[in-house]
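Here's the structure, in structure tokens; my notes come after.
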Amino acid sequence: MSALIDALDENQQRVALSLIGPMRVLAGAGSGKTRAITHRIAFGVETGVYAPEKVLALSFTTKAAGEMRARLAALNVESVACRTFHSAAMRQLMYFWPDVIGGDFPKVRSGKAALLTQAAEQLKLSSATDVLRSIAAEIEWRKVRLLTPDQYATALENRPLPSSLNHDKAMALIERYEKLKDERRELDFEDVLITTLGLLESEAWVRERVHEEFRFFVVDEFQDVSPVQRALLDAWRGNRSDVCVVGDPNQTIYSFAGATSEHLLRFGEEFPNAITVTLDRNYRSTPEIVRVANAIVPDSPLKLVSTVASGPEPQLRSAPTDVDEVRSIAAAILADIASGTRPENIAILYRINSQSIGLESALGAAGVPFRVRGSRFFEEQAVRETMLILRGTSASNPTMSARDALVMILREHFNWMSKPPVNPIERHSWNVLAAVQSLAEALPDTATAADLLADLTHRAEADVEPTVNAVTLSTIHAAKGLEWDTVYISGVSEGLLPLSFATDDAAIAEERRLLYVAITRARRNLTLSWADRGANQSSVRARSRFIPATLAATDTRIAGESRAGG
């Protein structure tokens, strides 16, 4: 048997060996799904069943698509298109635009705020941030569900709106936004998907060309597919059924973006001859962590089985206030680092962005280096300046080595010191530059400044960030797909997890899945915590209903500082 197959476990082998026809892979957290599907593609190419250029592998983030591409390259497979839905649609739209529509390709807006602000000002409506954010979400909600304006107008009757907007004002603002966008010949993010779908549905020759280009389809994170993405997939494949979908219903956490696990769960109804394989062997987390994760989703048919050695029991801690909670987390992380855990192997996860403020303050006061996920590495000021100087250096001195160029930049431009500074803000920049330095040192000795610039540019385009020597702070949503040795989950209380806005059964179920995702990010050490009261000490909270009874029984009280009202 091929070495590609020998490297897989029994169920992963079933995935890799089934090359033709529809397949559904129910893949639990940490079960090696990316390994299984990349080996499947590589085996298909090795056996001649797949022409690599005929395979379209789809994922939801640039990072995930880049990882698939890198793994296939490591298996000596090139020419496979590993793309996000958006990038695949964009390529096709740009290619067919001159012949179908004509003229210059429109600008694609990176966001909606600027145009919505102008629309609001023209209509003399509120342009407050919360109003614009709400309307931007409404525009996205309509488009990813492929609702017509009339269908949306009806649905809007039951949609929550900011107090300053009623139904008619909201519709007027949305219509003016679309009018301004059309006048400027611009598209927004969702328009790219919708317009590509329109081309495929209305132009037979476009559809035929795309069907000639791609023959085999692999879709990762299929539980996150929205109606417009599912419609695109169906348009791309036509009447072919050689499609492999991979997903985990326990990790459906993007319903606000139109995602639904129904596409995954009902795949067998749509394709009665589909093969279903379950990947339930977890290669990431200890049995103790897996036990808690399984208990979070007790009714799930997909139960994880840990394959790694036992570790410490997960901890649950409660504190009098939020301040006490975040200080205890900072103190625990200091102890982790002192005992040998590297900061980059530690993460603190939370439900909403505003929770990071207190955590940042506590970590800064404790002198713990940290990075907030969402602040993209290649948009850091220090990285952008380094790349700009490298561009000039490579042009003026093409033979200068990468390492010499970077040493010059660090010393002359950033006053680089070999020892990290104590100040948390200064240390953040130091850690970022240290990560760039590690990339330079990993290049061959013959690498030039131009080679380093090319490496950084490629990583930026593929969203492949280097490791930064700092603790990660992240919302649970942003942490999906990542993992750390040690994970702290903050704010596991009613009102935060689940959020107070989650009132119906579907919303509560999604909040439960969010906690499952957070727990399954941890490899060996896991601590959950919550506080009785918020910063104003007026609202009393309760421990999250999602905490399993066995873990709740171990709840350890954190001593708080004496305060008025505490």
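Small disclaimer: the values here were computed from a predicted structure and weren't measured.
Checked by atom type and distance alone, the side chain of Glu380 never pairs as donor or acceptor with a backbone atom of Phe377 at under 3.5 Å. In terms of modelled atom types and a separation under 3.5 Å, the side chain of Tyr254 and the main chain of His477 share a donor-acceptor contact. Looking only at distances, no side-chain donor or acceptor of Asp532 sits under 3.5 Å from a matching main-chain atom of Thr321.
With contacts defined as side-chain heavy-atom distances shorter than 4.5 Å, the pair Val436/Pro466 does not qualify. Side-chain contact check for Phe214 versus Val55: every heavy-atom pair is 4.5 Å or farther apart. A 4.5 Å side-chain heavy-atom check between Thr307 and Asp9 finds every atom pair outside the cut-off. Side-chain contact check for Asn469 versus Pro369: every heavy-atom pair is 4.5 Å or farther apart. No side-chain heavy atom of Thr472 sits less than 4.5 Å from a side-chain heavy atom of Arg371. By the 4.5 Å heavy-atom criterion applied to side chains, Ile296 and Pro548 are counted as neighbours. Here the side chains of Ile337 and Ile346 are in contact, with some heavy-atom distance below 4.5 Å. Leu58 is listed as a side-chain neighbour of Trp236, based on a closest heavy-atom distance under 4.5 Å.
Not a single ring-ring contact (aromatic ring centres under 6.0 Å, His included) links Tyr516 to another residue, sequence neighbours left out.
Rounding to the nearest 0.5 Å gives a distance of 11.0 Å between CZ of Arg342 and CG of Asp485. Atom OG in Ser285 sits 8.5 Å away from atom CG in Leu526 (nearest 0.5 Å). The CD1 atom of Ile289 sits 7.0 Å away from atom CG of Asn525, with the distance rounded to the nearest 0.5 Å. One distance of note links CZ of Phe267 with CZ of Phe222; it measures 6.5 Å at 0.5 Å rounding. We find the CG-CG distance between Asn282 and Asp280 to be 9.5 Å, quoted to the nearest 0.5 Å. Taken from CG in Leu304 to OG1 in Thr520, the straight-line distance is 7.5 Å, to the nearest 0.5 Å.
The pair Asp248-Lys480 fails the salt-bridge criterion, with no side-chain N (NZ, NE, NH1 or NH2) lying under 4.0 Å from an Asp/Glu carboxylate O. The pair Arg351-Glu511 counts as a salt bridge, with a side-chain nitrogen and a carboxylate oxygen less than 4.0 angstrom apart. Residues Arg291 and Glu288 are not paired through a salt bridge, judged by the lack of any N-O separation under 4.0 Å between the basic side chain and the carboxylate. Between Arg230 and Glu262, no side-chain nitrogen of the basic residue sits less than 4.0 Å from a carboxylate oxygen of the acidic one, so the salt-bridge criterion is not met. In summary, Arg145 and Glu190 do not engage in a salt bridge, as defined by a charged side-chain N under 4.0 Å from a carboxylate O. The existence of a salt bridge linking Glu138 and Arg142 is excluded, since no basic side-chain nitrogen approaches an acidic carboxylate oxygen closer than 4.0 Å.
Across all non-hydrogen atoms, the minimal contact from Phe85 to Gln229 is CE2-O, 3.4 Å. Here the shortest heavy-atom pairing between Thr278 and Asn11 reads O-ND2, 3.0 Å. Here the shortest heavy-atom pairing between Ser59 and Met68 reads CB-CE, 4.0 Å. Nearest approach of Phe216 to Val49, heavy atoms of both residues: CZ-O, 3.7 Å. Of all heavy-atom pairs spanning Leu264 and Gly247, the tightest one is CD2-C, 3.6 Å. Minimum interatomic distance between Lys33 and Ala27 (heavy atoms only, all atoms of both residues): CB-CB, 3.6 Å.
Applying the 6.0 Å contact sphere to CZ of Arg133 captures no more than 12 heavy atoms from other residues, nucleotides or ligands. Around atom CG of Asp505, no more than 12 heavy atoms belonging to other residues, nucleotides or ligands sit under 6.0 Å away. Within a 6.0 Å radius of CZ in Phe189, other residues, nucleotides and ligands contribute 12 heavy atoms or fewer.
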- [ ] Please report the C-alpha distance between Thr554 and Glu313 in whole Å, then the side-chain angles of each, then the deciding distance to 0.1 Å, and finally whether the side-chain hydrogen bond (donor to acceptor under 3.5 Å, both in side chains) criterion is met.
- [x] CA-CA 10 Å; Thr554 69; Glu313 287 289 342; over 6 Å; no
For residues 490-498, please give each side-chain donor-acceptor pair under 3.5 Å, one per line with the distance, not counting sequence neighbours.
unit_1 : atom_1 : unit_2 : atom_2 : d
Ser490 : OG     : Glu325 : OE2    : 3.0
Glu494 : OE1    : Arg545 : NE     : 3.2
Glu494 : OE1    : Arg545 : NH2    : 2.7
Glu494 : OE2    : Arg545 : N      : 2.7
Glu494 : OE2    : Arg545 : NE     : 3.1

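Exactly one residue among Val471, Thr527, Thr486 makes a side-chain contact (heavy atoms from CB on, under 4.5 Å) with Asp336. That residue is Thr486.
Annotation: cation-pi geometry satisfied between Arg159 and Trp141 (NZ/CZ under 6.0 angstrom from ring centroid, within 45° of ring axis).
Checking Glu344 against Thr467 by side-chain atom types alone, no donor-acceptor pair falls below 3.5 Å. Judged by distance alone, the side chains of Gln223 and Glu221 do bring a donor and an acceptor atom under 3.5 Å apart. Side-chain atoms of Ser300 and Asn250 form a donor-acceptor pair, as typed in the model, at a separation below 3.5 Å. A side-chain donor-acceptor contact under 3.5 Å links Tyr50 and Arg40.
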